[in-house]
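These numbers were taken from a predicted model, which means no experiment stands behind them. Sequence lines set the chain letters: A, B, ... in the order given, protein chains first and strands last, and positions in each chain run from 1.
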2 protein chains.
Amino acid sequence: MSSHPPTHRKVTLNDIAAGCALSRATVSLVLRGSPLVNRETRARVERELRLQGYVYNRAAANLRRRTSTSIALVLNDLANPFFAEFAAGVDEALAAAGYVTLLGCTGESASREQAVLSSLLEHGPAGIILSPAEHSNAQDVLAAIGPLSPLLLFNRELGGVAPEKARWDQLALDNQRGARLATEHLIERGHRRIAFFGGHHDSSSCSQRRAGFVEAMQAADLPVEPAWQIECAPTRLDAAHRTAALFGGDAAPTAAVCYNDAVALGLMLGLNQRGLRPGKDFALTGFDDIAEAALGMPPLTTLSTAPHERGMQAAQLMLQRLHEPHTPNRQTIAPVKLVIRASSCPPPAF
Amino acid sequence: MSSHPPTHRKVTLNDIAAGCALSRATVSLVLRGSPLVNRETRARVERELRLQGYVYNRAAANLRRRTSTSIALVLNDLANPFFAEFAAGVDEALAAAGYVTLLGCTGESASREQAVLSSLLEHGPAGIILSPAEHSNAQDVLAAIGPLSPLLLFNRELGGVAPEKARWDQLALDNQRGARLATEHLIERGHRRIAFFGGHHDSSSCSQRRAGFVEAMQAADLPVEPAWQIECAPTRLDAAHRTAALFGGDAAPTAAVCYNDAVALGLMLGLNQRGLRPGKDFALTGFDDIAEAALGMPPLTTLSTAPHERGMQAAQLMLQRLHEPHTPNRQTIAPVKLVIRASSCPPPAF
DNA sequence: ATGCAGATTTGGAACGATCCAAATGTAACT
DNA sequence: AGTTACATTTGGATCGTTCCAAATCTGCAT
């Protein structure tokens, strides 16, 4: 008995059923590992499946079952290693749970975010993990995703809706505590004139970090000099350009708490250009602990956020939410860890 | 006339049709922008779509049409910035063409690659873009994906099948030319004792790069010292550990062509630990031009591969393949560009 | 024989869209 | 009025699966 010549049509349940002289329904039961089916027929079916090279059509199954086995992951910037590792973590945990990741990148544009969200939604993900673009607002996001899919926000808040009414879960870093730790560390090293450098004031993570900075300064009775609160885009380049702003007045700071590692690395460049040696003449800290931080010249004191683990955590939170759709919203704050390296030297004259 | 209270069921074509007193078929025509439908009814339908918050169910449509609007992207290592940027490029181009990216990470494990591929396949992607894990072999990959989906290989070859019989497209970097350029550059700077450092001999990209190195050396009548062909894993850490191997004999090399940037950065660390200043006492080059390369101490001479553009190119190639399924397989070699920075100094005594 | 319980198997109607051939409506021309 | 042409709409079958209630098959006690 020869099997049919390999046609180029996709092989379906019907083909298998026909090949075994069984009904579609029985074969379906085998596929789902039902205990109802006889050992022997199961074996027969499984042989046929292998023989014909059957591949399960999850889309059709999901259509009928009104379920979904995919989760959308929408990121503002995949090229940033922090998010790339996060994505790897999400995918790993989702795959382990039998889900598949639908990827979407927004490139920090709120309008592309809209487009990406609605395109992904058409593929019917069970849920959405979103790291919002900079000026994305809750109204639009909620309108795009509708009332059906659970949403997990990562890393940034979403403006425009009272936190009480938010119908999403959230996973954020402990920005405030992290910045406080970094500031306390610099104070302990003997610094008294400390700047907060980088980030945009309308970004939630930036204002949280700044709050941690202020908290530590005030606890130590140190002045928070307004002239040393420097804003800049969270990129190396802009940070390097804005370095001069620190040294405008008569007294200059001896250290800076930077918004993140990218900014800190940029500030290092700017310092070098002014003839100041970071880690010797000027101390600084970052945030994120990206790979480059350990390799900088000098290596950068920073806050480790374990992005891969955050990704796995985000996936877990989403899976829990799918399992219990009606529990109240969760706000999860992930701990961060101060990693002390050579960039946080004592002040020169100390 | 009040619309139904917002139920929690998903709204379908039928709901819209009922709401307009039209048939499903007509509404479907509207959705697909058919010119057949009357201006006025179209407007009526579109209003109703908005009103009820309809979201298109692409899975159902694809089932009926026997099409797909997703593409699987399977990567060996998303945490590597090179692949992260590549992924961002792929996603950008796919999204622009109306496709969605199904992500899968293998973590360099051939067995996970199998699992990831078969899981993704069940979601019926129109094609697969794969950067194979290190020891993945063609047999298994082809068995997993079956004869249906087009496959585009990125960056690495797939062992176990004669290239003639390969039923996939390929996008690779011009590894050989890149390494030749780097080597020629070092020779021009005055080096004569040059090592090739890093990578595994069973990796296709590594042997291509080594071939380019040998080509340049032989063209300049310089000896290819077997003791200076050092293998190591393509990571910073292992590269740093293996540094000593370069300095075992009586005469040491004055420069090294490194397998990639990660290896080069690791070698820099190893040199520093031995009291050698990279870029002054010893010259070296990398491959990839990752972000850290420009910021190293010293900045690293390397080969720029434009991973984001490669990603877009990969997506384009896949889309073309989908458009013309029966054209013969393409092998595309992407150019690389030598970026000269401070790490490739002349030899000390020159 | 008959009935009954447990173990297996099964037909047909879903899921939410698209396709196709046929139906309907409208206007214009003999 | 009858025919034709064109524009617009539609019912029902279909894609590949799952669900459900009902059918079939056993063996075994009555």
Check your understanding: Does B:Asp77 offer a backbone N or O that forms a donor-acceptor pair with the side chain of B:Asn80 under 3.5 Å?
Key -> no
Review point. Counting just side-chain N and O atoms, does A:Arg65 come under 4.0 Å of either OP1 or OP2 of C:dC15?
Key: no
Exercise for review: Assign each of B:Arg66 and B:Ser23 to its nearest nucleotide of DNA chain D by heavy atoms, then name whichever residue's nucleotide is nearer the 5' end.
Suggested key: B:Ser23
Check your understanding: In Å, rounded to the nearest 0.5 Å, how long is the span from CG of B:Leu121 to OG of B:Ser149?
Key -> 5.0 Å
Point to revise | B:Glu108/B:Arg156 salt bridge by N-O under 4.0 Å criterion | key: yes
Review point. With sugar-phosphate meaning primed atoms plus P, OP1 and OP2, does A:Thr26 contact a base, only sugar-phosphate, or nothing at under 4.0 Å between heavy atoms?
Key: base
Review point. Which of these nucleotides, D:dT17, C:dG16, D:dT9, is closest to any side-chain atom of A:Thr12?
Key: D:dT17
Check your understanding: In terms of the nearest nucleotide of DNA chain D, which residue is placed more toward the 5' end: A:Arg24 or B:Ala25?
Key -> B:Ala25
Point to revise | B:Asn38 side chain, from C-beta outward: closest of D:dT18, C:dA17, D:dT9 | key: D:dT9
Exercise for review: Would you confirm whether A:Asp169, through its side chain, and A:Leu152, through its main-chain N or O, come within 3.5 Å as a donor-acceptor pair?
Suggested key: no
**Study point:** Candidates D:dC19, C:dT18, D:dG16 - which lies nearest the side chain of A:Ala60
**Key:** D:dG16
**Study point:** Base C:dT18 to side chain B:Arg64, donor-acceptor N/O within 3.5 Å cut-off
**Key:** yes
Review point. Once you round it to whole Å, what is the distance between P of C:dA14 and CZ of B:Arg9?
Key: 13 Å
Exercise for review: Check whether any side-chain N or O of B:Arg32 sits under 4.0 Å from OP1 or OP2 of C:dC19, and answer yes or no.
Suggested key: yes
Exercise for review: Answer yes or no: are there more than 12 heavy-atom neighbours, outside B:Arg47 itself, under 6.0 Å from its atom CZ?
Suggested key: no
Practice item. Rounded off to whole Å, could you give me the OH-to-P distance for the B:Tyr56 and C:dC15 pair? Key: 18 Å
**Study point:** Between C:dT18 (C1') and B:Leu63 (CG): distance, integer Å
**Key:** 10 Å
Check your understanding: Should A:Ser28 be listed as having a side-chain N or O under 4.0 Å from OP1 or OP2 of D:dC19?
Key -> no
Review point. In whole angstrom, what separates B:Leu31's CG from C:dC19's P?
Key: 12 Å
Check your understanding: With a cut-off of 6.0 Å (strictly less than), are more than 12 heavy atoms of other residues, nucleotides or ligands near CD of B:Gln139?
Key -> no
Review point. Between atom CG in A:Asn62 and atom P in D:dT17, what is the gap in whole Å?
Key: 12 Å
Study note, to complete from the structure: Of C:dT18, D:dT18, C:dC15, the nucleotide closest to the side chain of A:Leu13 is D:dT18
Check your understanding: So what does A:Leu22 touch, heavy atoms closer than 4.0 Å: a base, only the sugar-phosphate, or nothing?
Key -> sugar-phosphate
Revision key, fill the gap. Rounded to whole Å, the CZ-C1' distance (A:Arg39 to C:dA7) equals 15 Å
Review point. Rounded to the Å, how far apart are A:Asn14 CG and C:dT10 P?
Key: 13 Å
Study note, to complete from the structure: Taking D:dT9, C:dT9, D:dT17 as options, the one with an atom nearest any side-chain atom of B:Leu29 is D:dT9
Practice item. May I have the distance from B:Leu36 (atom CG) to D:dT9 (atom C1'), rounded to whole angstrom? Key: 10 Å
